[in-house]
Amino acid sequence: MNVVYLDNNATTRPAPEVLDAMNPFLTDCYGNPSSMHTFGGQVHRRIEEAREHVARLINADPGEIIFTSCGTESDNTALMSAVESNPRKRHIITTRVEHPAVLNFCHHLGRKGHRITYLPVDSRGLLDMNLFRKSVDEDTALVSIMYANNETGVIFPVGEIADFLADRDILFHTDAVQAVGKIPVDVRMTKVDMLSLSGHKIHAPKGIGALYVRKGTRFYPYLIGGHQEHSRRAGTENVASIIGLGKAAELALAHLEEERLSVSRRRDRLEQGLLACCPNAGVNGDSGSRLPNTTNISFEYIEGEAILLRLDEHGICASSGSACSSGSLEPSHVLRAMGIPYTGVHGSIRFSLSRYTTGDEIERVIAIMPGIVKELRQLSPFGRDTITCPK
Ligand code: PLP
C-alpha cells in the first residue's frame with residue numbers, strides 16, 4: 001500500500017537532491033572542518049557554502065547563521081542567551097500557543113524566578129496586539145513569539161511586533177521552524193533579533209537546525225567548548241546534515257513561490273472536499289493568515305485518535321490535536337488556548353502537505369474520510385448523523 005503522507009509539520013521526507021549532496025560527506029569527505037590540512041579544509045569550505053544558502057533563504061548574512069542540532073536547540077539557545085545577556089531584566093513575553101521547545105523553557109525560567117507573560121489568542125488563533133503592547137514593560141528582556149503555529153498554521157504578525165520593539169532594549173526571538181521554506185521570511189524586512197529554523201521540516205534530515213542572530217545582538221552560547229561556529233556553538237559540526245540543510249534551503253528558495261501556490265491549492269481542495277462531505281466539521285485557525293500547507297479540522301463528536309487509526313489502516317498519515325497520538329496525554333494546548341470546545345479539540349485532525357503531495361493523494365483522502373467519520377459517529381455516544389457527499 002502506498003503511503004499518503006500528510007504529516008509534514010511533524011517531519012518531511014528528505015529530498016533526493018539533499019541525500020545526493022550529503023552522501024560524499026558520509027563516505028569519502030570525512031575530514032574534520034577544524035583541521036589544518038587540506039582534507040579538512042575542503043569540508044570547511046562546503047560548510048560555508050551551506051551557510052550561504054541558509055542565509056539566502058531568510059535574507060540574512062552568512063555570519064548571522066549558527067548551525068545547531070535542531071529547532072529545539074535553536075529555541076533554547078535563543079531564550080537562554082537573552083536571559084544571560086541581560087540578567088537585570090526578569091520579564092519574558094511569549095504566547096500560550098508556542099511549541100513546547102519555547103513553552104517548556106519558559107516554564108523552566110519561570111521556576112527560576114523570571115516573570116513570564118503568556119499571551120492568549122482568540123478563537124481563530126490570533127494575537128491581540130493591544131494586549132501584547134500593554135504587556136511590555138521596563139523589566140521586559142525578551143519577547144519570543146512564533147512565526148507560524150505548527151498545529152493550525154496560523155501566521156503571527158511578526159513584522160508588526162518587531163517594529164514595535166525596534167527602539168526598545170528588548171530582544172525579539174521568533175520560532176520560525178514551521179514558516180521557513182513555506183512562506184517568504186526576510187530578516188531584513190522583519191527585524192527580529194533571533195530566529196529558529198529546523199532542517200527536517202524543509203526536506204533536510206533530522207538532527208540539524210540553525211539559529212539566526214542579527215549582527216550586533218548580545219549573544220551567549222548554550223554549548224560551551226571548542227571554537228566551532230565562531231565559539232557560538234561548540235561541538236564538531238554535523239557536516240553531512242549541514243550540507244543537507246544547505247541544499248534543502250537552496251531548493252526551498254528556488255521553488256518557494258510555485259510550491260506555495262501548488263501546495264495551497266491542494267490543501268484548499270482537501271479542506272473543501274472534507275467539509276463538503278462531513279457534517280459537523282470545521283476548520284480551526286484563521287484561514288486568512290495561514291501557512292499554505294496546513295489545515296486543522298475538527299470532526300466533532302469523534303475521537304481524533306480513532307480517526308487516525310482508521311486513516312492509518314488506509315495508509316494515510318496525519319496527526320491529531322489530542323492525547324496519545326501526539327505523544328502526550330493532554331489535549332492540544334493550542335486548540336484549548338483558542339477556546340475550541342471539548343468535542344472539537346478531541347476530534348481534531350491536522351493534515352499538513354508538502355511539495356510531494358499529489359492531487360491523487362488528496363482525492364484518496366476525500367474519498368475515504370466520509371466513511372470513517374460516518375462509522376465512528378455511529379459508534380459515538382455523543383450522537384449519530386449522516387454523511388452527505390456531493391455528486
Ligand atoms: N518549533 C516548532 C514550531 C515546531 O513545529 C517544532 C517541531 O515540530 C520545533 C520547534 C522543534 O523542532 P525540532 O524537532 O527540530 O527540535
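Along the sequence shown, residues carry numbers from 1. Atoms within each ligand, like the ligands themselves, are counted from 1 in listed order.
Distance from atom 4 (C) of ligand 1 to its nearest protein heavy atom, with residue and atom name: His99 CD2, 3.2 Å. For atom 8 (O) of ligand 1, the closest non-hydrogen atom on the protein side is Lys201 NZ, 2.5 Å. The shortest contact between atom 10 (C) of ligand 1 and any protein heavy atom is with Asp175 OD2, 3.4 Å. Atom 14 (O) of ligand 1 has as its closest protein heavy atom His200 NE2, 2.9 Å. Protein heavy atom in closest approach to atom 5 (O) of ligand 1: Gln178 NE2, 2.8 Å. Counting only heavy atoms of the protein, atom 16 (O) of ligand 1 lies nearest to Thr72 OG1, 2.6 Å.
Note: an N/O pair closer than 3.5 Å links Gly71 and ligand 1 by distance alone.
Glu271 has no carboxylate O lying under 4.0 Å from a charged side-chain N of Arg266, or vice versa, which leaves the two without a salt bridge. Between Arg310 and Glu375 a salt bridge is recorded (basic side-chain N to carboxylate O distance below 4.0 Å).
Within the listing of ligand 1, atoms 13 (P), 15 (O) sit less than 4.0 angstrom from a heavy atom of Ser198. Listed by number with element, the atoms of ligand 1 under 4.0 Å from a non-hydrogen atom of Asp75 are 1 (N), 10 (C).
The shell of residues lying under 4.0 angstrom from ligand 1, judged by heavy atoms, excludes Lys206.
Checked against a 6.0 Å centroid threshold, the rings of Tyr301 and His346 do not count as neighbours. The six-membered or imidazole ring of His107 lies near that of Tyr118, with a centre-to-centre distance under 6.0 Å.
Looking at Leu308 and Glu313, their side chains never come closer than 4.5 Å, going by heavy atoms from C-beta outward.
Checking Glu17, Glu258, Glu259 one by one against Arg355, the salt bridge (Lys or Arg N to Asp or Glu O under 4.0 Å) holds for a single residue, Glu259.
Going from atom OG of Ser319 over to atom CZ of Phe351 covers 9.0 Å, rounded to the nearest 0.5 Å.
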